[in-house]
J.: 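Handing you a structure now.
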Amino acid sequence: MLTKINNPRLMLTSVAASLLLLGCTATPVATDGVKSLAQLETVDSNTVNIKPDPSLPPLPIEKTGKIEVLPAKYPESWMFVDEVSFQSQFGGKMIILDVAEPKQSKLIKGTADKNLVGNFANSKTRPEFYILESFHERGSRGPRIDLLVIYDKVTLSPIKEIVLTHTRLTALPRRDSMTLSADEKFLYIANFSPAASFTVFDLDSREVVDTIGTPGCVLPFPTGERSITSICSNGSLLTTVLDNNGKKASQHRVAPFFDTDKTPIFERPSYIDGIGYFPSFAGEMHEIDLSNEVAQYKGKWSLISEEERTAGWRPGGMTLSDSDEQGLLYIIMNEAGFDGSQTHGGNQIWVFDVKSRTRIAKFDAPNWAVSVAVTRGKKPLVVVTNGEMNLDIIDPITGKFIRTLSDFGNVTPIVLFKAY
Amino acid sequence: MLTKINNPRLMLTSVAASLLLLGCTATPVATDGVKSLAQLETVDSNTVNIKPDPSLPPLPIEKTGKIEVLPAKYPESWMFVDEVSFQSQFGGKMIILDVAEPKQSKLIKGTADKNLVGNFANSKTRPEFYILESFHERGSRGPRIDLLVIYDKVTLSPIKEIVLTHTRLTALPRRDSMTLSADEKFLYIANFSPAASFTVFDLDSREVVDTIGTPGCVLPFPTGERSITSICSNGSLLTTVLDNNGKKASQHRVAPFFDTDKTPIFERPSYIDGIGYFPSFAGEMHEIDLSNEVAQYKGKWSLISEEERTAGWRPGGMTLSDSDEQGLLYIIMNEAGFDGSQTHGGNQIWVFDVKSRTRIAKFDAPNWAVSVAVTRGKKPLVVVTNGEMNLDIIDPITGKFIRTLSDFGNVTPIVLFKAY
Amino acid sequence: MKFLDQLFEKKARSLAQTSGRRGLLKGLGAALVGASSIPLLPVARASEGPSMPKEFGDEGSCDYWRYCAVDGFLCACCGGSTNSCPPGTEMSPITWIGTCTNPVDGRNYVISYNDCCGKTQCNSCLCQRDEGDRPLYRSDKSNDVNWCLGASSSVYHCSTAIVVGIAFEK
Amino acid sequence: MKFLDQLFEKKARSLAQTSGRRGLLKGLGAALVGASSIPLLPVARASEGPSMPKEFGDEGSCDYWRYCAVDGFLCACCGGSTNSCPPGTEMSPITWIGTCTNPVDGRNYVISYNDCCGKTQCNSCLCQRDEGDRPLYRSDKSNDVNWCLGASSSVYHCSTAIVVGIAFEK
């Protein structure tokens, strides 16, 4: 029935199957079988050494319409990549990536759209994640709407969309633009118009509870059971305490501990055991205890020696630090830092034991480092967004560069989140 | 009043202006002037040789809110670039580009958004152009709407948006997805669901006149005064004749002149003096007279010699040909063509005098050629979308490569249109 | 779009050197087949033979045999597979088809390249082979069309390559 | 975003070599100035002197003096100029500011980096200098924010660099 093919390098077969296209109005054209021999091609490298065996049974006909699903619990090596798509911001998305997957084509597990520099938050206990995105009715034109979209982690489909009425923060992505309370009862959403506030969203009822003003203070760093700490324009902190319904109970100021002009700190902390670690532009590490009802400033220490400071070492990057589950902190360092280089990244990753406030390792970023993240588990991998906007995978124990991940839909993957 | 600066290489000045930010809730922080000398930098190459002259009067304070406008008649060297943004299709746009502009920063004259692989048409006589685009309410989700947007060429703002109800053609962009009647009274809009039809739009009243089915036949090639010719799945043509109101008067078949399986032609013609030039995959040139009420097939001739055919020469590319105002036709040729290479582009541009059906020139595409276009006027420039998705500019008289245009917002600029 | 390979792989000018290499099977009078019409297809069904049917190759590679007429992002790289869509997308019911030869059994199969729709472009594993591709007037074989026109979302995400029949010898 | 330069210019790893080069003026206690509040600004006005005020350099180059704190696409490359928006866009009334030194007269000027909004990103002449840039808690000096939040469209297209005052000596 089938043309016998002895030499796969000169394969040419004449076929004609039946003519059917549902909904197609084109007049089916009867084809008359034997075609010109105009093109003889070698077969692909993939198949060039295969000798066809026509005695094999034919492949089964496959069903259409099949859609994949994901496990409810994501493996430790999976991460959420915030692909902000800086030069085409309607195309932003979260990419769910297995950074330990050896096979290139299996890196991507799925995606969720995130329009116009949307914000993202992830749940550790609920089988869902949260995207806050905005749309104009006509792309760049027409009325704007801000939407909180609750996604099902298994199907990657929206469960519910909630219209929000306070202008959400739209800035380069960061890990703390939306955060969850310790018990994951409430989601806290940063607003910025540029008046600053945050919206409390109840994850059980899936309804907005309230929006609470934080004049001059930004971002919702979760604190204790039911509190939110924000960082203020005068170098102080503001903790908002909620009641059990998510309504404001009280607000508390923590005295200024830095100068926003002279000694600025990054507003992108890492967390270890209830302490928020906020590096300064110049290389001090500020500790803020976020484990109780009100934030408490715990002092600072230096990431760098005097010699290193003189040499020009500074921390820097878009997502410049992360912590692993063993309590180590990883931070990008730039040997040629200056005021202006703070978001540009660096050439090394330094690893700190924050308990002893000592550096325990450092390794070179193989291709520059703009952002850093660490996977979950006892044997974490360090994932670095490099200068070419690909991801370099490094073993933090040995400091050894493992490989570069590219062509996973990445254009500007500047924030990575642990997946649960 | 100002710190005197003698050495611009060691510039450091302490400044403090007044504190005002309309609508900003941040508490203004009083700054105390003298700052740390932590960073001393050399100034930029731009300015390094300038000796500041403080006796000059200060720069005037500038107004905000200024928006540029364009001339109603675009110069001959301007083109519309269809930036389809293939890997981020919400970010598609038309870029108005002066391909003869020597200064890099002045290449772009303006842009108009074109969402989800929208279609474009340009008017020669009206101070407007047309974009057909689609939106879902929530980016990739929600109800879809197809919109014809009429743009003002001077302000690059929408004049009117018209909702269309027949599924518009969504395919890789081409020059003939929307076309105008010879007198520019009517706009013809291709629909494809995959049932094929075209919508007649009155450019005077700015209203839809009618939608006319063309079963099995696609694309609206303008014909004569008030006719539209489409190309059919059996290798024939269908001409639809309209009355003066834009309603269907009659339809006429032109007998099949090619085999859509064996001897396919490109559906992307160039036009010279009322004749549509449709190359075949294998290198024949089919002439269709579109100057009268009903299309007339005028026969074919070969772009290539027998030797060239044997060697593998074939035409190919996304927008593989264009004509200049002197009546010359430019077509991309691939020396290693095969059935499957038709949209891949080629390594040379050949120039034909279609009256004498002879090739009068050929030149190498400096960096591969995927699409080709020619500017208006007596001294046209050839513009080639190259394999890196930049534009190579070539002088067709000498065949000499002039320069490459890049970084003009281009990602996948695969169709170019003359601007008027 | 083959010419886009370069863009994604950032290898300039490789196209000119490689564009003649591909072409497992030419455009040979293949069928007008919509995936949703499979039950009506008079094609050979998988037999219940003693040995198992076989394929060979990397379904994440553009060279894989099923992709002979493909033009798009491979769903096998996007969280889907050759015959399934990534999570949260929707498979278009209508599409274009190609006829590709399985090098393991030497048979020609009708492949339906159903698009997965409803999320922003996958933007991984761009593959443009175009063997047997025809222009818009042969819509059944036209891969320039956004076939998500048949889905509830017209946003193209990636392309599958589904075995929907055996192409009969003529 | 400076690290994006590479992406756009396709020059890998140049960042590490060049990131220390820039820095015309450090972040020196500059002003909280919104462009819409200019009439209220107690700044020096252009004098009616005999010689003309001067600037020098290519306003399409990231090195141009006015761009010392910029982070975005330069409107001067997008159909606009240092102080005007491209056709069909809208200038945001609020924004962040920097203080840059004009090398011709040696003066420090307050520069307002008003975004132009309402069309898809210009995607040309990406420039990230960030001198004096501060995080979100100092929103007046924060260039990570999409300042199109003050315009009718929140879609960012490009950034201007408008002289809105002279920075006084302290």
Side-chain angles (χ1 to χ4, degrees), chain B residues 1-5 8 11-24 26 28 31-35 39 41 43-47 50 52-54 56-62 64-70 91 93 103-106 108-113 155-157 407-409, chain D residues 23-24 26 28-37 40-42 44-47 49 51 53-54 56-57 60-61 63-65 76-80 83-88 91 94 99 101 103-108 110 114 119-120 122-124 139-140 162-170:
Chain B
M1 194 170 86
L2 287 159
T3 303
K4 184 144 181 189
I5 296 166
M11 203 181 308
L12 194 86
T13 315
S14 182
V15 295
S18 61
L19 306 170
L20 264 171
L21 180 60
L22 218 86
C24 175
T31 55
D32 64 355
V34 184
K35 304 297 161 185
Q39 293 295 322
E41 300 282 339
V43 295
D44 294 306
S45 55
N46 229 357
T47 57
I50 300 171
D53 176 3
L56 285 168
L59 297 176
I61 289 169
E62 297 166 352
T64 58
K66 191 177 160 199
I67 313 290
E68 300 292 334
V69 292
L70 297 181
K93 57 184 165 181
K103 200 169 158 64
Q104 168 71 28
S105 63
K106 296 299 174 197
I108 299 176
K109 301 306 174 188
T111 64
D113 285 6
T155 65
L156 295 189
S157 292
D407 191 30
F408 57 88
Chain D
L24 189 57
K26 295 297 137 327
L28 297 174
L32 288 160
V33 177
S36 56
S37 60
L40 304 174
L41 262 183
R45 294 266 166 190
S47 68
S51 54
K54 280 180 185 157
F56 176 81
S61 163
D63 286 333
Y64 188 62
W65 74 276
C77 297
C78 303
N83 60 14
S84 65
C85 284
M91 193 180 285
I94 52 171
T99 303
T101 302
V104 177
D105 66 10
R107 288 187 184 86
N108 301 310
V110 179
N114 298 62
K119 288 180 187 279
T120 298
C122 161
N123 194 9
S124 177
S139 57
D140 57 306
I162 303 177
V163 170
V164 295
I166 295 179
F168 284 99
E169 184 186 25
K170 179 78 178 183

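So that the names make sense, note that chain A is the first sequence line, chain B the second, and so on, each numbered from 1.
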J.: Run the side-chain hydrogen bond (donor to acceptor under 3.5 Å, both in side chains) test against D/Thr120 and tell me which residues pass, sequence neighbours left out.
T.: B/Asp113
J.: For a quick test of reading the model, state the closest non-hydrogen atom pair linking B/Pro58 to D/Pro53 and the distance between them.
T.: O-CB, 3.4 Å
J.: Given that the side chain runs from C-beta out, which part of B/Thr155 has a heavy atom under 4.5 Å from chain D: side chain, backbone, both or neither?
T.: backbone
J.: Flag the one option from B/Gly65, B/Gly110, B/Ser157 with the top tally of heavy-atom pairs under 4.5 Å to chain D.
T.: B/Gly65
J.: Taking all atoms of both residues into account, what is the closest heavy-atom pair of B/Leu59 and D/Asp105, and its distance?
T.: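 It is N-OD2, 4.3 Å.
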J.: Please name all residues satisfying side-chain hydrogen bond (donor to acceptor under 3.5 Å, both in side chains) with D/Lys54, sequence neighbours left out, ordered by chain then number.
T.: none
J.: Quick one: pull up CD1 in B/Ile61 and CD1 in D/Ile162 and give me the separation to the nearest 0.5 Å.
T.: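 That separation rounds to 12.0 Å.
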J.: Minimum heavy-atom separation for D/Ser124 and B/Gly409, please, with both atom names.
T.: CB-N, 4.0 Å
J.: Does any part of the side chain of B/Glu68, heavy atoms only, come nearer than 4.5 Å to the side chain of D/Pro86, both counted from C-beta?
T.: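 The answer is no; the side chains never approach within 4.5 Å.
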J.: If you tally heavy-atom pairs under 4.5 Å against chain B, which of D/Cys85, D/Gly88, D/Cys122 wins?
T.: D/Cys85
J.: Heavy-atom cut-off 4.5 Å, strictly under: side chain, backbone, both or neither for B/Lys93 against chain D?
T.: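 Only the side chain of B/Lys93 comes within 4.5 Å of chain D.
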J.: Hey, could you give me the NZ/SG distance between B/Lys109 and D/Cys78, rounded to the nearest 0.5 Å?
T.: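 It is 12.0 Å, given to the nearest 0.5 Å.
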J.: Taking all atoms of both residues into account, what is the closest heavy-atom pair of B/Lys66 and D/Met91, and its distance?
T.: O-CE, 3.8 Å
J.: To the nearest 0.5 Å, what is the distance between CG (D/Asn123) and CG (B/Asp407)?
T.: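 With rounding to 0.5 Å, CG (D/Asn123) is 7.5 Å from CG (B/Asp407).
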J.: Over all heavy atoms of both residues, which pair between D/Pro87 and B/Leu156 is shortest? Give the atoms and the distance, please.
T.: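 So the minimum-distance heavy-atom pair works out to CB-CD1, 3.6 Å.
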